Amino acid sequence: MNGTDSPEGLFGHPHHTKPVSLPPGPPWRRFGPQRPKRPAYVIRPEDTDVVNAALQLRRPLLVTGFPGVGKSSLAYAIADDLGLGEVLHWAVNSRSVLTEALYRYDAVARLRDATASKQSGRRLPVEKYVVLGPLGTALASAAGSPRVLLIDELDKGDIDLPNDLLTVFEDGAFEIPELSRQSLETGDQTARVALTRPVPYRAPDTDGPHGEAAPDTASATVADGWVYCQEFPIVVITSNGERDFPPAFLRRCVRLDLQDPEPEHLKEVVKAQFGSDFSAADEDTVTAVEEMINMFGEAGRHGRLATDQLLNAIHLRLNAVHLDPHVLNAVLRPLDNTDTP
């Protein structure tokens, strides 16, 4: 199999006279309503015990490990396993502040609407312009219905961010000053505010009369400008170890360090990710995949590799793509090797 007859013969063949149908991508790179169900999360028994300890203690789970080892995926696995719905996700960066994770107040929209409604004398309630962020939404969980919150790459945030989080986690409440002022001015003790809508794993079905999904009308109650936690969420915090956290923060977390996978663990990951595609593979392909797993371990001795790099290479092999050395070098290049080959 070579040239345009092979799956890899897509680009570089100018004789194509019509759009080419691309082969299906890896299962984890497919989107839309037909996106496959998330595969089973492969985890060591001792790591499962640590997760359960965090659930019992209702403490944040601080997950560390090399990029690609499965830290973020663990949050989604917990949500799937416990039937807790979609995961609320806060991706931390160097500009992140606690307030953005708690709530957003659209002062510009309120000013615009106030200008447009001056003649009517109509009062514009502040809560109409407030939306709880992922952390705020998680803390506003109804009793008996905890949400799963993923705080991704906390080590990329400001040095004071972990301590800011501590206050909210320990108090189980936070204030929205704009609503506190309204409560004092109007005497309205309660207000209803909208919640963050997490990104659904699959695109919603469009079965409505106009082909639109039903809107999410979920909201939370704010009392005198304060949001009070009724059910502490399941919080998974990930870190790539770019910097250390203060002891006061660490002692309030349950820590889990995900180790680089061994060959047997990798085999289970491959089976879970590829399912029937791997089960239906011929003996030669299975042997080649096992050799790639062993080669992955050897290559890791000379630089850091992520598990998804191995999965990318296996996907190409299962789809009969010729894995010449230069292709393997592109797919399995150590992440800590930034030199030009």
Side-chain angles (χ1 to χ4, degrees), residues 54 58-76 78-79 85-109 129-141 146-180 193-201 220 222 225-229 232-258 306 335:
R58 305 309 290 268
R59 288 290 190 182
L61 180 67
L62 176 59
V63 188
T64 56
F66 190 72
V69 79
K71 300 186 297 296
S72 301
S73 299
L74 178 56
Y76 295 91
I78 293 172
E86 299 291 351
V87 172
L88 295 160
H89 184 201
W90 181 27
V92 176
N93 58 52
S94 60
R95 301 179 302 278
S96 296
V97 294
L98 181 64
T99 303
E100 73 181 34
L102 292 174
Y103 75 97
R104 300 186 301 277
Y105 171 55
D106 194 342
V108 173
Y129 303 93
V130 174
V131 178
L132 296 188
L135 175 57
T137 297
L139 290 171
S141 299
R147 300 294 299 271
V148 177
L149 170 67
L150 171 61
I151 302 178
D152 220 358
E153 300 189 342
L154 181 61
D155 53 324
K156 284 184 166 52
D158 183 80
I159 192 171
D160 292 324
L161 189 55
N163 285 330
D164 293 341
L165 277 170
L166 271 187
T167 302
V168 175
F169 286 156
E170 294 302 298
D171 292 347
F174 65 94
E175 184 184 19
I176 302 176
E178 293 84 356
L179 290 176
S180 293
V193 295
L195 305 177
T196 286
R197 298 177 63 187
V199 178
Y201 179 69
V222 181
W226 283 81
V227 176
Y228 293 95
C229 180
F232 195 78
I234 296 170
V235 181
V236 178
I237 303 172
T238 71
S239 169
N240 292 325
E242 293 188 5
R243 65 177 176 83
D244 296 329
F245 297 120
F249 177 79
L250 293 176
R251 74 178 181 85
R252 289 173 171 86
C253 298
V254 175
R255 287 181 274 176
L256 171 62
D257 184 32
L258 293 180
L335 299 180

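Position 1 is the first residue of the sequence, and the numbers go up from there. Just the heavy atoms: all of them, side chains too, but no hydrogens, waters or symmetry mates, feed the values below. Computed from a prediction, not measured in an experiment: that's the story for all the values here.
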Practice item. Kindly compute the distance separating CG (Leu61) from CG (Leu74), expressed to the nearest 0.5 Å. Key: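 With rounding to 0.5 Å, CG (Leu61) is 6.0 Å from CG (Leu74).
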Exercise for review: Nearest 0.5 Å please: distance from the CD1 atom of Ile78 over to the OG atom of Ser73.
Suggested key: 11.0 Å
Could you work out, with side chain to side chain contact (heavy atoms under 4.5 Å, CB included) as the rule, every residue matching [X], not counting sequence neighbours?
X	answer
Thr137	Leu88, Leu132, Arg147, Leu195, Thr196
Ala194	Val131
Asp257	Thr64, Gln259
Glu100	Trp90, Ser96, Val97

Give me the atom names and distance for the closest heavy-atom approach of [X] to [Y].
X	Y	result
Ala75	Val87	O-CG2, 3.8 Å
Leu149	Ala138	CB-CB, 4.0 Å
Ala306	Pro67	CB-O, 3.5 Å

If you define the side chain from C-beta out and look only at heavy atoms, does anything of [X] sit under 4.5 Å from [Y]?
X	Y	value
Val63	Ile237	no
Val227	Ile176	yes
Pro60	Val236	no
Leu179	Val193	yes
Leu139	Val168	yes

Review point. What pairs with Phe169 under ring-ring contact (aromatic ring centres under 6.0 Å, His included), at least two apart in sequence or on another chain?
Key: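 For Phe169 the ring-ring contact (aromatic ring centres under 6.0 Å, His included) partners, ignoring immediate neighbours, are Phe232.
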Exercise for review: For Phe249, enumerate each residue passing the ring-ring contact (aromatic ring centres under 6.0 Å, His included) test, keeping only those at least two apart in sequence or located in another chain.
Suggested key: Phe245
Review point. Taking only residues two or more places apart in sequence or in another chain, which ones pass salt bridge (Lys or Arg N to Asp or Glu O under 4.0 Å) with Arg255?
Key: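 None.
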Check your understanding: Among all residues two or more places apart in sequence or in another chain, which pass the salt bridge (Lys or Arg N to Asp or Glu O under 4.0 Å) test with Arg104?
Key -> none
List for me each residue that meets side chain to side chain donor-acceptor pair (under 3.5 Å) alongside [X], sequence neighbours excluded, and say none if there are none.
X	answer
Tyr129	Asp113
Ser180	Glu175
Arg243	none

Exercise for review: Answer yes if the side chains of Glu86 and Tyr76 hold a donor-acceptor pair under 3.5 Å, and no otherwise.
Suggested key: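 On atom types as modelled, these side chains do not qualify, holding no pair under 3.5 Å.
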Under 3.5 Å, which donor-acceptor pairs do the side chains of residues 152-166 form with other protein atoms, sequence neighbours left out?
from	atom 1	to	atom 2	distance (Å)
Asp152	OD1	Ser72	OG	2.8
Asp152	OD1	Thr238	OG1	2.6
Asp152	OD2	Ser72	OG	3.1
Asp152	OD2	His89	NE2	3.3
Glu153	OE1	Lys156	NZ	3.2
Glu153	OE2	Asn240	ND2	3.2
Asp155	OD1	Asn240	N	3.4
Asp155	OD2	Asn240	N	3.1
Asp155	OD2	Gly241	N	3.3
Asp155	OD2	Glu242	N	3.0
Lys156	NZ	Glu242	OE2	3.1
Asp158	OD2	Asp160	N	2.9

Check your understanding: Is a donor on one side and an acceptor on the other found under 3.5 Å between the side chain of Lys71 and the backbone of Ser239?
Key -> no
